[in-house]
Amino acid sequence: MSATQSAAGDEPPTGQLAADLATVVGRLSRRLRSASPDSLLTPTQRAVLARLESEGPGTTAALARGEYVRPQSMRLTLGALEEQGFVSRAPDPTDGRQSVVSITDSGRATLDAVRAAKHGWLTQALTDELDAAELYTLTEATALLERLVRK
């Protein structure tokens, strides 16, 4: 009997399934982070660059709200990214007291390299470890996980 099967063998206990799923997703996330070349970005830096790429330029305050961190923490993150040439600042056209941060071409290229490394590792792991039936099961599970995160 697996850790997530009930004694009756019909449905897994939801609480145990939630715990198992959270554990394995966390481990997968950490493994994907370690696949990045030479740890080019911290998880927070990667998240900020991804947000700037997908949503466009933003202020420090808006980025902090979006990432659920304090503005002081975001300023440190943005400072590190700016020092590496991954973001640039320009005056906010509507509020001269603020600046607007944008991703640079170098930031975009670095983000692409991190994503490619993660994708490459995961593609190889799927190919090496899973058979066709398991890949089909994982495809179905991925759709279910997507539904959960959209809730």
Point to revise | Test log, rule side-chain contact (heavy atoms from CB on, under 4.5 Å), inputs Leu63 and Val69 | key: CA-CA 9 Å; Leu63 290 166; Val69 299; over 6 Å; no
Could you check whether any side-chain heavy atom of [X] comes within less than 4.5 Å of a side-chain heavy atom of [Y], counting everything from C-beta outward?
| X | Y | answer |
| --- | --- | --- |
| Leu81 | Ile103 | no |
| Leu145 | Leu21 | yes |
| Gln84 | Gln45 | yes |

Measure the [atom1]-[atom2] distance between [X] and [Y] for me, rounded to the nearest 0.5 Å.
| X | Y | atom1 | atom2 | value |
| --- | --- | --- | --- | --- |
| Leu41 | Arg46 | CG | CZ | 8.5 Å |
| Arg65 | Met74 | CZ | CE | 10.5 Å |
| Arg70 | Thr60 | CZ | OG1 | 14.5 Å |
| Leu49 | Thr44 | CG | OG1 | 11.0 Å |
| Gln124 | Glu129 | CD | CD | 10.0 Å |
| Thr59 | Arg97 | OG1 | CZ | 11.5 Å |

Least distance between heavy atoms, [X] atom then [Y] atom:
| X | Y | value |
| --- | --- | --- |
| Gly79 | Arg89 | N-NH2, 3.9 Å |
| Ser106 | Gly85 | CB-O, 3.7 Å |
| Ala35 | Ala117 | O-CB, 3.2 Å |
| Val100 | Pro93 | CG2-CD, 4.3 Å |

So, the side chain of [X] versus the backbone of [Y]: is there a donor-acceptor pair under 3.5 Å, distance only?
| X | Y | answer |
| --- | --- | --- |
| Ser88 | Thr104 | no |
| Glu134 | Asp131 | yes |
| Ser29 | Val25 | no |
| Thr123 | Gly120 | no |
| Arg51 | Ala47 | no |

Practice item. State whether the number of non-hydrogen atoms from other residues, nucleotides or ligands found under 6.0 Å of Asp95 atom CG is greater than 12. Key: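 Yes.
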Review point. Taking atom CD of Glu83 as the centre, does the number of heavy atoms from other residues, nucleotides or ligands within less than 6.0 Å exceed 12?
Key: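 No, because the 6.0 Å sphere around CD of Glu83 holds 12 heavy atoms or fewer from other groups.
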Path from [X] to [Y] over hydrophobic side-chain contacts below 4.5 Å:
| X | Y | value |
| --- | --- | --- |
| Val48 | Leu76 | no |
| Leu138 | Leu17 | no |
| Leu126 | Leu28 | yes |
| Val24 | Leu32 | no |

Practice item. Please lay out, stage by stage, how Leu78 and Arg75 fare under the test side-chain contact (heavy atoms from CB on, under 4.5 Å). Key: CA-CA 5 Å; Leu78 291 172; Arg75 276 196 285 282; 5.8 Å; no
